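Accompanying notes for the structure given below.
FYI, side chains are in, hydrogens and waters are out, and symmetry mates aren't considered; it's all heavy atoms of this structure. Quick caveat: nothing in here was measured; it's all calculated off a predicted structure.
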Amino acid sequence: MTTPTRRTAEETGRLGDEIYERDIRHLVEAEHHGEFVAVDVDSGDYVIADSVLAAAERLRARRPDADGWLVRVGHPTLRTFGGSSLWRAR
């Protein structure tokens, strides 16, 4: 039995960002600022949680073979050492 070929981290990231921007962002940004979204890039399925670990665990529980990508709602990166969010109150 052969193991399926996985994507490179760069390809998973590109697909994850594309799915998030196209399908998820507009659904979560207003209500979930600062929370974490874990996306399965194969199915487009996603979960939202208060921490990276919780988001990853919830996605893995729902889709054990997920090729996952994590995004922080309203932020350009998962973690920062300073700076500000791209999100602005309207």
* Asked: Is V41 reachable from V28 through a run of hydrophobic residues whose side-chain heavy atoms are each under 4.5 Å from the next?
  ->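 Same hydrophobic cluster.
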* **Rounded distance (nearest 0.5 Å) linking atom NE2 of H75 with atom CD of E35** => 10.5 Å
* Residues in side chain to side chain donor-acceptor pair (under 3.5 Å) contact with D67, at least two apart in sequence or another chain ->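 If we apply the side chain to side chain donor-acceptor pair (under 3.5 Å) test to D67, skipping adjacent residues, the hits are R7, T12.
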* Those residues that, when tested against D23, pass side chain to side chain donor-acceptor pair (under 3.5 Å) (two or more places apart) -> none
* **Nearest non-hydrogen partners of H33 and V73, listed with the distance** =>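 Looks like ND1-O, 3.7 Å.
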* **Shortest non-hydrogen separation from A38 to L70 and the atoms involved** =>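 Reported closest heavy-atom pair: CB-CD2, 3.5 Å.
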Tabulate below the donor-acceptor pairs under 3.5 Å that side-chain atoms of residues 52-60 make, not counting sequence neighbours, or state none.
| from | atom 1 | to | atom 2 | distance (Å) |
| --- | --- | --- | --- | --- |
| R58 | NH1 | I48 | O | 2.8 |
| R60 | NH1 | P64 | O | 2.9 |
| R60 | NH1 | A66 | O | 3.2 |

* Mind checking what makes side-chain contact (heavy atoms from CB on, under 4.5 Å) contact with E18, not counting sequence neighbours? ->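 Checked E18 against side-chain contact (heavy atoms from CB on, under 4.5 Å); matches are R14, R22.
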* Set of side-chain contact (heavy atoms from CB on, under 4.5 Å) partners for V71, sequence neighbours left out ->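 side-chain contact (heavy atoms from CB on, under 4.5 Å) check on V71 returns D17, Y20, W69.
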* Please confirm whether the backbone N or O of F36 pairs with a side-chain atom of R72, one donor and one acceptor, at under 3.5 Å? => no
* Pairwise side-chain contact, I19 with Y46, heavy-atom cut-off 4.5 Å (strictly under) ->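 No; the side chains remain at least 4.5 Å from each other.
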